[in-house]
Structure formats: structure tokens, C-alpha cells
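Please read the structure below before turning to the comments.
In what follows, chains carry the letters A, B, and so on, assigned in the order in which the sequence lines appear, proteins first and then strands, with residues in each chain numbered from 1.
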Protein chains: 2
Amino acid sequence: MVLPRAARTQRRTRIQEEKEERILEAALEVFSLHGYRGATVDQIAEVAGMSKPNLLYYFRTKEAMHRALITRVLDTWLDPLRELDALGNPVAEIRSYIRRKLEMARDFPRESRLFANEILQGAPNIEDELKGPLKALVDEKAAVIRSWAKAGKIAKCDPYHLIFSIWSTTQHYADFDVQVRAVLGQDNAGDGRFEDAARFLEQLFITGLEVKDPAS
Amino acid sequence: MVLPRAARTQRRTRIQEEKEERILEAALEVFSLHGYRGATVDQIAEVAGMSKPNLLYYFRTKEAMHRALITRVLDTWLDPLRELDALGNPVAEIRSYIRRKLEMARDFPRESRLFANEILQGAPNIEDELKGPLKALVDEKAAVIRSWAKAGKIAKCDPYHLIFSIWSTTQHYADFDVQVRAVLGQDNAGDGRFEDAARFLEQLFITGLEVKDPAS
DNA sequence: CGATAATTTGACCGGTTGGTAAACATTACA
DNA sequence: TGTAATGTTTACCAACCGGTCAAATTATCG
């Protein structure tokens with residue numbers, strides 16, 4: 001046989017698991033830095049430490065690789081929002097959602113840039129994922145936030161745009177890292193800017209969402 | 001003569017002005033959608049309605065085109081921040097800065113995406129611009145904001161991260177337009193999302209920055 | 001008009017890129 | 001161990017891409 005990817009129906013070998021893992025890791029590195037078109041298969045192969053035909057034995061096309069990577073990453077990327085608990089304390093829930101998103105921007109910047117690249121260029125490959133699972137999750141959590149506002153637990157506001165603004169402010173520190181560093185100056189070594197950002201964003205969102213007159 | 005770009009030292013002809021304008025317009029269209037590497041000279045030539053060699057007669061390399069485009073756009077892109085007036089009413093100044101940035105995201109999304117693409121991929125060509133003019137301008141305005149906070153006109157906060165969060169929230173509606181539309185649903189026709197965003201962001205930032213105890 | 005400079009085009013080139021063919025090597029397993 | 005399936009490599013290709021060249025066309029101006 002010469003169809004390794006067809007082995008998807010069968011159980012996968014140890015080698016398949018290992019190699020596919022190494023390839024996707026390398027693909028994340030390269031795609032997130034150069035975008036889909038800017039990345040080359042040779043580059044990914046080199047980072048993965050294998051020859052190009054060998055890589056193409058596991059993923060038959062560049063696009064298949066990209067698709068596999070996106071779908072895998074999208075799932076974990078939405079975890080912070082999934083954890084938003086309708087039964088928790090509203091302000092505390094939003095605060096820790098912001099913290100989690102900011103931690104992801106710090107710890108998984110490549111994943112963030114992968115999506116940014118994709119969406120920036122019109123999301124040609126993942127439009128279905130956006131309109132399906134992503135929209136469903138956001139709709140669900142927006143309803144939760146709206147109910148908190150209705151109950152007077154937080155200020156009345158558009159829950160969708162609240163979520164957008166949390167996404168954008170936190171992911172900014174991953175996607176626009178170069179700009180952030182350039183503007184803040186030379187102290188690029190540590191994670192200080194993330195701590196400063198956390199303080200600022202907490203102040204902004206929590207104060208901005210506080211209920212002025214707690215009489216309910 | 002065969003050196004049209006060397007004509008820079010001389011006055012430019014009518015034809016040069018027109019064609020360079022058309023080329024940069026086409027380049028903006030293509031670069032903003034596909035990034036530097038993803039854009040092809042043939043594509044740009046086609047959008048500009050001329051042959052590839054003809055285009056290369058005006059800009060000798062793809063990189064020269066990109067550089068010319070970036071430097072031109074960066075200048076107008078920073079105008080909203082330049083207008084932030086140290087002598088104006090602090091809250092009103094910040095409010096109208098947010099409004100101006102959001103209007104730019106609505107009216108010039110290609111320009112926004114051009115920068116986003118560039119910075120996302122490590123800003124290989126404009127690092128100097130970031131560390132030079134851009135940092136200088138941000139430093140200047142951050143000092144203004146800090147003085148407002150010191151004077152008790154707005155809440156104490158990190159001015160750099162305030163600027164970052166205004167940038168990210170507003171540009172989000174240009175750069176991640178596809179995602180915003182996918183999440184908000186089918187009503188993609190109008191600009192309603194920008195009006196909703198304006199309302200939300202105003203509430204968020206102005207409430208978040210208000211001084212709680214106005215005793216100064 | 002005539003001539004000189006500016007502009008435009010079709011044909012082409014070398015390097016890169018995604019992908020293939022087929023021989024060779026290794027592993028899994030009866 | 002033998003052998004069939006799986007994994008790896010070398011050599012290669014066709015399409016694409018940025019850029020050149022020389023010839024043709026058009027604008028400029030005395």
C-alpha cells in the first residue's frame with residue numbers, strides 16, 4: 001500500500017502519531033510566522049527535521065496540512081470562552097476570562113498569529129468553522145452576559161462587542177508583539193508588558209462594567 | 001533615457017503621477033488582502049490595468065512598491081492620534097480619538113489590514129518606522145495622557161496600554177471583519193456594527209476612565 | 001514636421017515551489 | 001525468519017514568479 005493518509009480509517013501506527021505531531025508543530029511555527037502563502041513546504045520540512053517528500057507522505061498537500069492545523073488549534077483556542085460560567089460571579093467570571101485570554105496570548109502567540117493571518121486574509125478555509133461552532137459558542141455566552149446585565153449584576157452593554165473587545169485587546173499582545181515592543185522600548189526580555197497589560201485591562205473592563213447604582 | 005524612477009530628482013510628468021497613483025491603489029488592494037509574500041506582481045498589474053513590465057517600469061521591484069505604499073499610508077494612518085490635543089477636554093479628546101479610529105477602520109479597512117499583515121509577519125520592512133516616528137508620536141501622546149491622569153482629569157492608568165487597547169479594539173473591526181460578520185450573523189449589508197461598536201467602546205472607555213471621586 | 005525622450009509590450013530567463021515517481025530501507029507480524 | 005506493509009530518499013517536473021531586454025509605440029517640444 002502507498003496510502004498512509006487513507007490509514008485514517010484504520011488505527012494509526014506509533015510512527016504516524018509521532019511524525020504527524022512533529023509536522024504540525026513545525027507547520028505551526030512556519031505558518032504563524034509567514035502566513036499560508038508565505039510558508040513553504042521545504043521550510044516546514046526542515047523545521048520538522050525531515051525531507052519534503054517524507055513530509056508529503058503524511059500530508060499529501062500543503063493545504064491539507066494547514067487545514068489539519070487550523071481545526072486542531074481552533075478547538076483549544078476557544079477553551080477560555082467555554083469556561084465562562086453562567087453560574088459564577090459575573091464580574092469575577094469576566095475578570096478571569098480576560099486573564100485567561102491574556103495568558104494564552106503570552107504562552108501561545110503562534111496559535112494566535114495563525115488565526116490572525118487566516119482571518120486577515122478572508123478566512124478562505126475556515127469560514128464554515130466561524131459560522132458554525134464559533135458563532136454557536138459566542139451566541140451562547142453572549143446570552144449569559146446579557147442575562148447578567150438584565151439582572152443588574154453588570155452594566156448594560158452589547159455582549160457581542162464586549163467579547164470582541166476582550167478578544168482584540170488580549171490577542172493584540174500576541175499578534176502585534178513587534179509593534180508593542182517597538183513602542184514600549186528596549187526592555188524586551190521579560191514578560192513585564194503582560195503584567196502591565198493585565199492590570200490595565202482589569203481596570204478598564206471591570207470599572208467600565210461596574211454597576212453604578214447597585215440598587216437592583 | 002530609460003530611468004523613470006530616477007526622474008524623482010526632476011519634476012514628474014502627468015503620466016507618471018497618474019500611473020503611480022493607479023499602481024499604488026492596486027497594490028493596496030492586493031497587498032492588504034494577501035500580504036507581501038502572497039501578493040504577486042502579475043495580480044497587481046492586472047488590478048492596475050496594465051502589463052507587468054509596464055508596472056515594473058514605474059516601480060523597479062515588488063519591494064520598492066511595497067515600501068512606497070507603506071510609508072505613504074503610515075503617515076495618514078497616524079493622523080487620528082496626532083489630533084489628540086493636550087489642551088482640549090481630556091475625556092472629550094479620548095472619546096473623539098476613539099471615534100476617529102473607528103471611522104478609519106470603517107472607511108479604510110485595506111490600510112488597516114496592510115499594517116496588520118506587515119506587523120503580524122514581524123514587520124521586516126518597517127521596523128525602523130515603528131521604532132522611530134511611531135514610537136516618538138506615541139511617547140508624546142502618552143505623556144499628555146499621563147499628565148491628564150496626574151491632574152485628576154481622568155483615572156490613573158498606563159497610557160501606553162490605553163493607546164494599545166484603543167488601537168486593537170477599533171482596528172479589530174477592519175482586520176477581523178470576516179470573523180465579526182460571521183459571529184454577528186447575516187445582516188452584513190449596512191454599517192450597523194460600527195454604530196453598535198461606537199456605542200459600546202464609548203461606554204467602555206469613558207466609564208472606565210472616569211474619575212470616581214471628582215474632588216481634585 | 002522631425003527628432004528626441006518617455007512609455008508600453010511580447011518574448012523570455014533563471015530560480016523557486018508544490019508535488020510526483022520509483023527505487024530503497026525499515027518495521028510489523030504471521 | 002520471511003514477507004508484506006509501511007516509511008524514506010533521490011531525482012525530477014511543470015507551473016509560477018520576479019525581473020530583464022529589445023523592439024515598438026506614443027508623447028513632447030523646438
Side-chain angles (χ1 to χ4, degrees), chain A residues 1-24 26-27 29-31 33-70 121 124-125, chain B residues 1-24 26-27 29-31 33-70 121 124-125:
Chain A
M1 258 304 186
V2 81
L3 288 176
R5 309 302 308 132
R8 273 284 168 79
T9 48
Q10 321 283 340
R11 60 193 172 286
R12 320 233 300 287
T13 46
R14 189 197 82 244
I15 290 184
Q16 273 175 30
E17 303 252 10
E18 279 179 19
K19 291 292 167 78
E20 288 180 9
E21 183 57 38
R22 263 171 58 193
I23 290 171
L24 288 182
E29 183 71 27
V30 177
F31 278 131
L33 208 55
H34 304 290
Y36 178 76
R37 189 95 194 308
T40 73
V41 181
D42 297 83
Q43 240 179 323
I44 298 170
E46 197 195 320
V47 173
M50 62 182 78
S51 68
K52 180 173 64 170
N54 193 9
L55 184 153
L56 288 168
Y57 172 75
Y58 291 99
F59 294 90
R60 293 226 278 248
T61 66
K62 184 185 180 182
E63 207 213 315
M65 250 175 52
H66 190 246
R67 201 169 25 235
L69 184 58
I70 290 267
Q121 309 197 356
N125 301 321
Chain B
M1 256 306 186
V2 81
L3 286 177
R5 309 301 309 131
R8 273 286 167 77
T9 48
Q10 320 286 340
R11 58 193 174 285
R12 320 233 299 288
T13 41
R14 190 196 79 244
I15 290 185
Q16 275 176 30
E17 302 253 11
E18 278 179 22
K19 290 293 167 76
E20 288 178 11
E21 184 56 40
R22 265 172 57 193
I23 290 171
L24 288 181
E29 184 71 28
V30 178
F31 278 132
L33 206 56
H34 304 289
Y36 178 77
R37 190 100 193 307
T40 73
V41 179
D42 296 81
Q43 242 179 321
I44 298 171
E46 196 194 324
V47 173
M50 62 182 80
S51 68
K52 180 171 62 169
N54 194 8
L55 184 153
L56 288 168
Y57 172 75
Y58 291 99
F59 293 90
R60 293 225 277 250
T61 66
K62 183 185 181 182
E63 206 213 317
M65 249 174 53
H66 190 248
R67 200 168 29 234
L69 185 59
I70 290 265
Q121 310 198 355
N125 301 321

From the list [options], which nucleotide is the closest neighbour of the side chain of [X]?
X	options	value
Lys19(B)	dT8(C), dA11(D), dC21(D)	dT8(C)
Arg37(B)	dG18(D), dT17(C), dT9(C)	dT17(C)
Lys62(A)	dG19(C), dG19(D), dT8(C)	dG19(C)
Thr40(B)	dG18(D), dA11(D), dT20(D)	dG18(D)
Lys52(A)	dG19(D), dA11(D), dG18(C)	dG18(C)

Rounded distance (Å) that lies between atom [atom2] of [N] and atom [atom1] of [X]:
X	N	atom1	atom2	answer
Glu46(A)	dT16(C)	CD	P	14 Å
Ile23(B)	dT8(C)	CD1	C1'	12 Å
Leu56(B)	dC17(D)	CG	P	14 Å
Asn54(B)	dA23(D)	CG	P	19 Å
Leu55(B)	dT8(C)	CG	P	11 Å

**Message:** Determine whether Met65(A) and Val30(A) satisfy the following criterion, side-chain contact (heavy atoms from CB on, under 4.5 Å), listing intermediate values before the conclusion.
**Reply:** CA-CA 12 Å; Met65(A) 250 175 52; Val30(A) 177; over 6 Å; no
**Message:** For His66(A) and Phe59(A): C-alpha separation, side-chain torsions, deciding distance, then whether side-chain contact (heavy atoms from CB on, under 4.5 Å) applies.
**Reply:** CA-CA 9 Å; His66(A) 190 246; Phe59(A) 294 90; over 6 Å; no
